[in-house]
Every structure is written in structure tokens, then in C-alpha cells.
Amino acid sequence: MSTLTFQGAVKEVTGSRYLIEVDGDGSPKKLLLECGLHQGGSDADEANAKPFGRLAQELDAVVLSHGHLDHAGLLPKLVREGFSGPIHCTRGTRDLLEIMLQDAAFIMAKDVEWENKWRKRNDKPLVEPLYELEDVARTLALCESHPYGQPVELPGGVRLVFRDAGHILGSAIVELTIPSGGQQKRLVFSGDLGNPGSVLMKDPEKLYEADLVLMESTYGDRDHRPLDETLEEFARVLEEAHEAGGNVLIPAFAVGRTQEILYHLSVLYHEGRLRQQMVFLDSPMAIKVTELYHRARKALDAEDLKVLNIAASGDTSQYLPILRMTRTVEESMAINRIHGGAIIIAGAGMCTGGRIIHHFRYNLEKPNTRLVIVGFQAAGTLGRQIVDGAERVRVLGHDLAVKAKVHTIGGFSAHAGQTDMIGWAGAFRNAPRFYLVHGEPETQEAFQAALAESGIEAEIPSYGDRIEL
């Protein structure tokens, strides 16, 4: 029998990894579904540092659902430790990986440089980064991209088909047909399912046939607010910030969320409802991704783009004329001289680093600042501390009082909410086995109960669990 072993994103949101051992066509094969980075806290660092061991040499192929680091961020480490097989993904994912993995390697190099300065002073052994830029280059060379809907033959007689997940550019639902015990078993991994209410992305495809479904459950305990309500709240916060005379800080994930926020700002601008005269995109990676989205706009939702094209008379440069992309450190630092009237979009989305931290240093202690949280904040992150009501936080060696007004606007999520997820799960015929991944334990239990009410039984696996297909 072929088997699946849960090696990550079980009872947690990040670190996606599932090992498939195939008993087909005479010789056993090993496929890795996802190779994600763990994010948030010292436990995550420890998990990321753990060697792959023999697995790196034994794997025959890797399959990726999409380019977010919690799904693909450890790929260069796998390659560094000896993997040299194909990495299967969509074209959009391949293009995003080039941006995201290079950025991750660059940040790691900086972090290790600082860490080793301290270690030298204290006679401690030096540390190495998880991977370097040359590992990223070798990883990208192994990527083989495929369009949605095209069957791909993998080792062991496995057939792969990607379906549109509607989450970010290139995101996919992974459908694998796997020989097992003389039969063909169909494994479907949801990847991250998109929010049908979101702009720019198409709705997630529904599938109907599966024997086993791995399903993400990030927002399995709740629904998002309707988009029109969300947009009204967003516009109101921006108006309040204008009246208060402060800046608006938006910690934004470079991929997907940033482009969605820019879209909505563009619409508000053309409706005459955006009072601010300066919008800064202050993230080198988010700038690159935004430019990629622009080049790949044929893959985006045509109806959403039509709204902007009509408003801007077909001139893409007029989508948001007040947008300034600050690529250099000097340009970023200059923003700190602006004491009001600016919207500053900067990474990291969970406030774990990046330029948003520097803007916190200059804005978080001002009561007229508005901090708008538009994305999921994982446990252990600075963003989560602030959302949970921390009155003081430690930022760049400074103890800062959180005097800014904090707004959490969940309707912008690029993830499906509970009702949409149940609808997606309910499309499958013949009651496949469901296993819930990518969720915090309480959320997963709530989603498990909600699925049960709809007649769908689901299990919550633990790390290391091994099941037969």
C-alpha cells in the first residue's frame, strides 16, 4: 500500500510538508508534497533547522501548491542537503518563488551576519543560514511548471493535475492519482483555498472525486465579513486617519494581500473617497510581486481589472497615480519625516521583521496613527501581540507604548471562510476521508464540528501520523 506521512502544518498553520511513499510500478518512490517554512517563535527556528537527513537524497520529486513561504520556504534547504529531482508547480508559482526565495535568503544572510557578530564577541560557535542565494538558484533550476488542468506523469505511476485554488497568483489545488495496493487512489490537497469574495483572483475550483482529501482549516472557525462591509470600514478608517492627521500603517503580505489592498485604494481614489495624497509601497519584495502581477494580469480576474481599466481610461499607470514605490533604504527612511497624511504599506505581514518595524518605531506611540491589520497573525508574532491588545511591545531594542489605534479588518483575507470551505468540501461525492491541516488546534476542532453538522467526517492528524492511501 502507498502511504502518506504528516510532517508539517499539523495542528499549526505553517510548515506544510507531507511525504507520500508510492508502492507502484515495481520500485517504491518517494514524493514530497510541499516543503514549507515554520513561522513564529523559537520553536519554528528549531523546526526549520532540523536536517532532512536521508530524505533529501531519497526523494524522487517535490510537488508544490503555491509560492508562500509556509508552503515552499524550505525548498533551498532541501536542495542544499542533496535533493536534485524535479520540483513541480505552476508557472505563477515558479515566478513567485524566484522573488520570495531570493528575498528569504537575503534576509537570512543579514540575520546570520548580526548573530555571528554577537557570537564572536562572546566566544560562541558561529551559525550558518538555512540556505544561501546559490541554493536558491539551484532550486529554481529544478522547477518544472505546468498549466492548470494538464495531467503530468510523476515517478511511481503517479499522475498530477493542478486546479486553480484562487488564493494567490499560481496557487493550486493538487490532485494526485496514486497506485496503492493494486488500485488507483485519488488524493486531493486543497492547498490554501481562496476567498471567493476577494478581488483579482478567480474562485477556487470545485472537485468532485477523491478517496482522501487534505484540507486546510486556517479560518475554519469563522466566516469573513462581506466585502462591501469590509470596504466601508476600511474607507471609514482612512477617513478617520485623515481627520486625525496621522499616518496609516498597513503591515501587508507581499504576495496577494498587498495587490488586493492597492486595488481597493485605486477604486477609492477614482471614486473620490481617498483623502490621503500619498500611498507608499515600502517593500522591495512587494514591489517586485506587484510588478509580476501586472505582467501576469491575463491570469487575473478580468471583471475586477475591467473596473480599473474603465476608471483609468485604459492607462494602467493611472490605476493609482499617488502610489510611490520606495525601493531603497534611503527612500524608506525618508518616509519617517512624514508625520501625517500618508498610507504606508510595508512587510512583513505578521510584523516579524521588514520595514514595517521601522515605521512602528516612528508611529506606534502616536495616538493619531491608525494601524490596519489586514491579514492572519500567527501565534508568537509581534502582529499577534498587538492584535491581542498588548499595551507595550519591544521593537528594534526599544520598549514602545502602543498608542496607535489598531483596526483588525478580517474581510480582506485571501483564505476561504468556514461556509465557503464547507461548500468546497461538500462538493465531493462518495464521502472521501478528510484530514484537516493548516490550522490552530481550537480552529480545527471548531471546523471539524461544523463539517460533522454537514455530514462530513474529518480527522485531525498529529505530527508523524502515517496513513494508508
Side-chain angles (χ1 to χ4, degrees), residues 14-15 35-52 56 67-70 72-83 96-141 251-255 281-289 325-336 346-362 378 380-383 385 393-400:
T14 66
C35 191
L37 198 69
H38 296 264
Q39 295 168 314
S42 57
D43 288 351
D45 292 339
E46 191 176 321
N48 290 330
K50 188 176 177 182
F52 286 97
H68 272 146
L69 291 181
D70 61 322
L74 281 186
L75 274 174
K77 180 174 183 282
L78 185 71
V79 172
R80 185 184 180 100
E81 293 184 20
F83 176 70
L96 279 174
L97 285 177
E98 184 168 357
I99 297 169
M100 299 189 74
L101 295 178
Q102 286 176 354
D103 184 77
F106 178 78
I107 290 170
M108 280 179 204
K110 289 287 183 189
D111 288 347
V112 165
E113 185 182 341
W114 279 102
E115 171 81 4
N116 283 338
K117 281 181 183 176
W118 177 85
R119 287 176 170 269
K120 278 181 182 175
R121 286 199 302 270
N122 292 276
D123 291 325
K124 301 281 186 183
L126 302 185
V127 294
E128 283 191 3
L130 294 177
Y131 51 82
E132 298 171 295
L133 281 169
E134 62 186 37
D135 302 310
V136 171
R138 287 162 56 215
T139 301
L140 295 172
F253 299 87
V255 181
L281 180 51
D282 190 30
S283 161
M285 181 165 71
I287 290 168
K288 289 177 184 174
V289 173
M325 296 190 181
T326 49
R327 299 171 196 271
T328 68
V329 172
E330 292 74 21
E331 289 173 317
S332 177
M333 290 170 66
I335 299 172
N336 293 322
M350 296 186 194
C351 313
T352 49
R355 292 181 179 179
I356 195 68
I357 300 299
H358 295 273
H359 297 303
F360 278 2
R361 174 84 176 84
Y362 289 89
T381 62
L382 176 57
Q385 289 176 42
V393 291
R394 191 82 176 160
V395 175
L396 296 172
H398 298 272
D399 193 33
L400 301 182

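In what follows, every heavy atom counts, from backbone to side chain, and hydrogens, waters and symmetry copies are set aside.
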Separation of [Y] [atom2] from [X] [atom1] (nearest 0.5 Å):
{"X": "I335", "Y": "T326", "atom1": "CD1", "atom2": "OG1", "answer": "4.0 Å"}
{"X": "L74", "Y": "F52", "atom1": "CG", "atom2": "CZ", "answer": "5.0 Å"}
{"X": "R138", "Y": "L78", "atom1": "CZ", "atom2": "CG", "answer": "10.5 Å"}
{"X": "K288", "Y": "I99", "atom1": "NZ", "atom2": "CD1", "answer": "7.0 Å"}
{"X": "I357", "Y": "H398", "atom1": "CD1", "atom2": "NE2", "answer": "12.5 Å"}
{"X": "D111", "Y": "F106", "atom1": "CG", "atom2": "CZ", "answer": "10.5 Å"}

Can we say [X] and [Y] salt-bridge, meaning some charged N sits less than 4.0 Å from an Asp/Glu carboxylate O?
{"X": "E132", "Y": "R80", "answer": "yes"}
{"X": "R119", "Y": "E115", "answer": "yes"}
{"X": "K77", "Y": "E81", "answer": "yes"}

Requested in this report: Might you confirm whether atom CD of E331 has over 12 heavy atoms from other residues, nucleotides or ligands at distances under 6.0 Å?
Outcome: yes
Requested in this report: Kindly check if the number of other-residue, nucleotide or ligand heavy atoms within 6.0 Å of CZ (R361) is above 12?
Outcome: no
Shortest non-hydrogen contact from [X] toward [Y]:
{"X": "A346", "Y": "D282", "value": "CB-O, 3.5 Å"}
{"X": "A286", "Y": "L281", "value": "CB-CD1, 3.9 Å"}
{"X": "H358", "Y": "L396", "value": "ND1-CD1, 3.5 Å"}
{"X": "S283", "Y": "G347", "value": "CB-N, 4.0 Å"}
{"X": "T352", "Y": "A348", "value": "OG1-CB, 3.8 Å"}
{"X": "G349", "Y": "P251", "value": "O-CB, 3.8 Å"}

Pairwise side-chain contact, [X] with [Y], heavy-atom cut-off 4.5 Å (strictly under):
{"X": "V112", "Y": "E128", "result": "no"}
{"X": "V255", "Y": "M285", "result": "no"}
{"X": "L140", "Y": "L97", "result": "yes"}

Is a side-chain N or O of [X] found less than 3.5 angstrom from the main chain of [Y], in a donor-acceptor match?
{"X": "N116", "Y": "V127", "result": "yes"}
{"X": "S332", "Y": "R327", "result": "no"}
{"X": "N48", "Y": "H38", "result": "yes"}

Report task. Output, in order, the C-alpha distance, side-chain angles, deciding distance and verdict of side-chain contact (heavy atoms from CB on, under 4.5 Å) for Q102 and L133. Result -> CA-CA 6 Å; Q102 286 176 354; L133 281 169; 4.1 Å; yes
Query raised in the report: So V136 and L75, side-chain contact (heavy atoms from CB on, under 4.5 Å) or not? Walk me through it.
Result: CA-CA 8 Å; V136 171; L75 274 174; over 6 Å; no
Query raised in the report: Passes side-chain contact (heavy atoms from CB on, under 4.5 Å), L382 versus F360? Steps please.
Result: CA-CA 11 Å; L382 176 57; F360 278 2; 4.0 Å; yes
Query raised in the report: Given the rule in the side-chain contact (heavy atoms from CB on, under 4.5 Å) test, do L96 and H68 qualify, once you have shown the distances and angles that lead to the verdict?
Result: CA-CA 8 Å; L96 279 174; H68 272 146; over 6 Å; no
